[in-house]
Engineer: 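Before I ask anything, here is the structure I am working with.
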Amino acid sequence: PEGAFDTALDDASVREAAQRLVARKLQAARRVQRSGLDAYEGQLLTSPRLARLCGAISVHAGWVAAGAPSAVLLRAVELDVAGAGGWQQDMLTIHGQRWPEPRLKAFFGAESYSYHGVTMAARAMPPVIAALTEAVNAILGTQHNSVMCTLYRTGADAISPHADAEACLGATALSSVSSLSLGDSRLFSLSCTALGQQAVPDVRAILAGGDLLHMGRGVQAHWKHKIE
């Protein structure tokens with residue numbers, strides 16, 4: 001059972017436990033796929049009509065069980081990042097001024113990623129992150145080929161409203177973005193830029209450790225999101 005993990009494991013055991021957890025997630029998703037059913041049973045955060053117009057935003061609460069399983073997976077991802085060179089903090093160019101980005105990050109993907117004057121080079125995903133990406137793709141039916149790990153060190157770290165709409169990510173009408181939260185809960189909110197706040201109230205969700213959020217096709221073209 002997921003709840004049987006020991007959080008006092010050494011690094012090698014953490015990696016093994018995380019790989020076993022992710023392997024079970026992948027096997028479960030493939031069983032559902034073979035059955036012909038929809039693998040993702042997330043909760044839609046807007047009305048079905050708005051999802052059809054501006055893209056579906058959904059969350060699968062507790063995709064990774066809270067407690068020890070989520071903690072072990074977080075430690076395994078941190079080990080992957082440390083083994084690949086560690087976290088980095090960049091200076092962003094916003095409205096002609098340079099600002100330190102209020103979070104740490106590590107990028108892995110088949111192609112480089114550029115935004116706000118920063119270019120992050122392509123590099124292979126470490127083992128746990130690669131397996132986790134495969135499992136997320138299986139449960140969501142996506143084809144994600146890059147991962148931005150982000151570390152919000154305290155409640156002061158955040159990210160301002162934005163859309164993941166850079167040209168290197170492809171057409172916003174076709175691309176999708178998924179986010180797996182690990183660690184403490186944070187407030188995630190979205191504003192509809194297509195219809196405006198008066199027509200569509202902001203969408204707000206508390207994302208806890210283990211929650212899987214999915215922003216489907218069209219969301220990046222019609223919404224902006226932020227971490228508060």
Side-chain angles (χ1 to χ4, degrees), residues 37-63 90 92-97 99 101-103 105 107 109 111 113-118 120 133 136-150 152 155-228:
L37 299 175
D38 185 1
Y40 185 60
E41 298 179 352
Q43 177 187 0
L44 199 62
L45 298 184
T46 68
S47 68
R49 180 176 181 273
L50 185 58
R52 290 192 297 271
L53 289 173
C54 298
I57 305 163
S58 55
V59 63
H60 189 153
W63 184 65
D90 289 308
L92 304 183
T93 302
I94 303 175
H95 302 306
Q97 295 185 327
W99 302 91
E101 190 169 8
R103 61 178 182 171
K105 60 195 180 184
F107 176 77
E111 300 180 9
Y113 178 44
S114 299
Y115 71 106
H116 288 308
V118 172
M120 308 189 76
T133 303
V136 169
N137 280 335
I139 194 70
L140 297 177
T142 51
Q143 296 180 338
H144 298 317
N145 63 357
S146 61
V147 174
M148 175 80 82
C149 298
T150 53
Y152 296 91
D157 276 1
I159 190 70
S160 59
H162 68 286
D164 296 321
E166 290 75 23
C168 61
L169 297 178
T172 55
L174 300 176
S175 63
S176 66
V177 177
S178 304
S179 175
L180 176 63
S181 296
L182 297 170
D184 292 336
S185 301
R186 291 298 297 265
L187 176 60
F188 183 86
S189 62
L190 302 99
S191 299
C192 184
T193 56
L195 302 176
Q197 285 184 316
Q198 290 186 339
V200 180
D202 286 356
V203 173
R204 298 160 68 86
I206 300 292
L207 298 179
D211 290 352
L212 177 61
L213 174 87
H214 182 57
M215 295 180 280
R217 291 183 176 185
V219 172
Q220 303 308 313
H222 301 303
W223 298 81
K224 287 188 176 182
H225 58 274
K226 64 181 178 179
I227 297 289
E228 299 186 32

Engineer: Could you grab the distance from atom NE2 of His214 to atom CG of Leu180, nearest 0.5 Å is fine?
Structural biologist: 13.5 Å

Engineer: Indicate the atoms forming the closest heavy-atom contact of Val136 with Ser178, along with that distance.
Structural biologist: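 Closest approach of Val136 to Ser178: CG1-CB, 4.2 Å.
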
Engineer: Evaluate side chain to side chain contact (heavy atoms under 4.5 Å, CB included) for Glu101 paired with Lys105, printing each intermediate quantity in order.
Structural biologist: CA-CA 10 Å; Glu101 190 169 8; Lys105 60 195 180 184; 2.5 Å; yes

Engineer: Counting distance only, does the side-chain N/O of Arg217 pair as donor-acceptor with the main-chain N or O of Gly55 below 3.5 Å?
Structural biologist: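 Answer holds: no.
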
Engineer: Run the side chain to side chain donor-acceptor pair (under 3.5 Å) test on Thr193 and His222 for me, step by step, so that the C-alpha distance in whole Å, both residues' side-chain angles and the decisive distance to 0.1 Å come before the verdict.
Structural biologist: CA-CA 5 Å; Thr193 56; His222 301 303; 5.9 Å; no

Engineer: Would you call Tyr152 and Ile159 a side-chain contact if the rule is heavy atoms closer than 4.5 Å?
Structural biologist: yes

Engineer: Looking at side-chain heavy atoms only, is the closest gap between Val59 and Leu212 below 4.5 Å?
Structural biologist: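 A side-chain contact under 4.5 Å is absent here.
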
Engineer: Just wondering, more than 12 heavy atoms not from Glu228 lying within 6.0 Å of its CD?
Structural biologist: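 Yes, enclosed.
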
Engineer: Would you say the side-chain atoms of Ser181 and Asp211 include a donor-acceptor pair closer than 3.5 Å?
Structural biologist: no

Engineer: Any luck finding a side-chain donor-acceptor pair between Gln43 and Ser58 under 3.5 Å?
Structural biologist: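 On atom types as modelled, these side chains do not qualify, holding no pair under 3.5 Å.
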
Engineer: Answer whether the closest heavy-atom distance between the side chains of His162 and His225 falls below 4.5 Å.
Structural biologist: yes

Engineer: Which value, rounded to the nearest 0.5 Å, describes the distance between Ser189 atom OG and Asp202 atom CG?
Structural biologist: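 Atom-to-atom, Ser189:OG and Asp202:CG are 6.0 Å apart.
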
Engineer: Set out, in order, the CA-CA distance, both residues' side-chain angles and the distance that settles side chain to side chain contact (heavy atoms under 4.5 Å, CB included) for Leu195 and Cys54, then state yes or no.
Structural biologist: CA-CA 9 Å; Leu195 302 176; Cys54 298; 4.1 Å; yes

Engineer: Supply the atom-to-atom distance Phe188 CZ to Leu213 CG, rounded to the nearest 0.5 angstrom.
Structural biologist: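 It is 5.0 Å, given to the nearest 0.5 Å.
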
Engineer: At what distance, to the nearest 0.5 angstrom, does CD1 of Ile139 lie from CG of Asn137?
Structural biologist: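 Going from CD1 on Ile139 over to CG on Asn137, the span is 11.0 Å.
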
Engineer: When you check the side-chain N and O atoms of Thr133 and His144, is any donor under 3.5 Å from an acceptor?
Structural biologist: no

Engineer: How far apart are the closest heavy atoms of Leu187 and Arg204, and which atoms are they?
Structural biologist: CD2-NH2, 3.1 Å

Engineer: Minimum heavy-atom separation for Ser185 to Ile206, with atom names?
Structural biologist: CB-CG2, 3.8 Å

Engineer: Can you name the closest pair of heavy atoms from Trp223 and Cys192 and give their distance?
Structural biologist: CE3-N, 3.4 Å

Engineer: I'd like to know whether Val177 forms a side chain to side chain contact (heavy atoms under 4.5 Å, CB included) with Met215, so could you lay out the CA-CA distance, the side-chain angles of the two residues, the decisive distance to 0.1 Å, and finally the verdict.
Structural biologist: CA-CA 5 Å; Val177 177; Met215 295 180 280; 3.8 Å; yes

Engineer: Measuring from atom OG of Ser175 to atom CD of Gln143, what distance do you get when rounded to the nearest 0.5 angstrom?
Structural biologist: 12.5 Å

Engineer: Does Arg186 reach the side chain of Ile227, with side-chain heavy atoms less than 4.5 Å apart?
Structural biologist: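 Yes. Closest side-chain heavy atoms under 4.5 Å.
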
Engineer: Would Ile57 and Leu44 count as a side chain to side chain contact (heavy atoms under 4.5 Å, CB included) here? Give the steps.
Structural biologist: CA-CA 6 Å; Ile57 305 163; Leu44 199 62; 5.9 Å; no

Engineer: To the nearest 0.5 Å, what is the distance between OG (Ser179) and CE (Met148)?
Structural biologist: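 The distance works out to 12.0 Å.
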
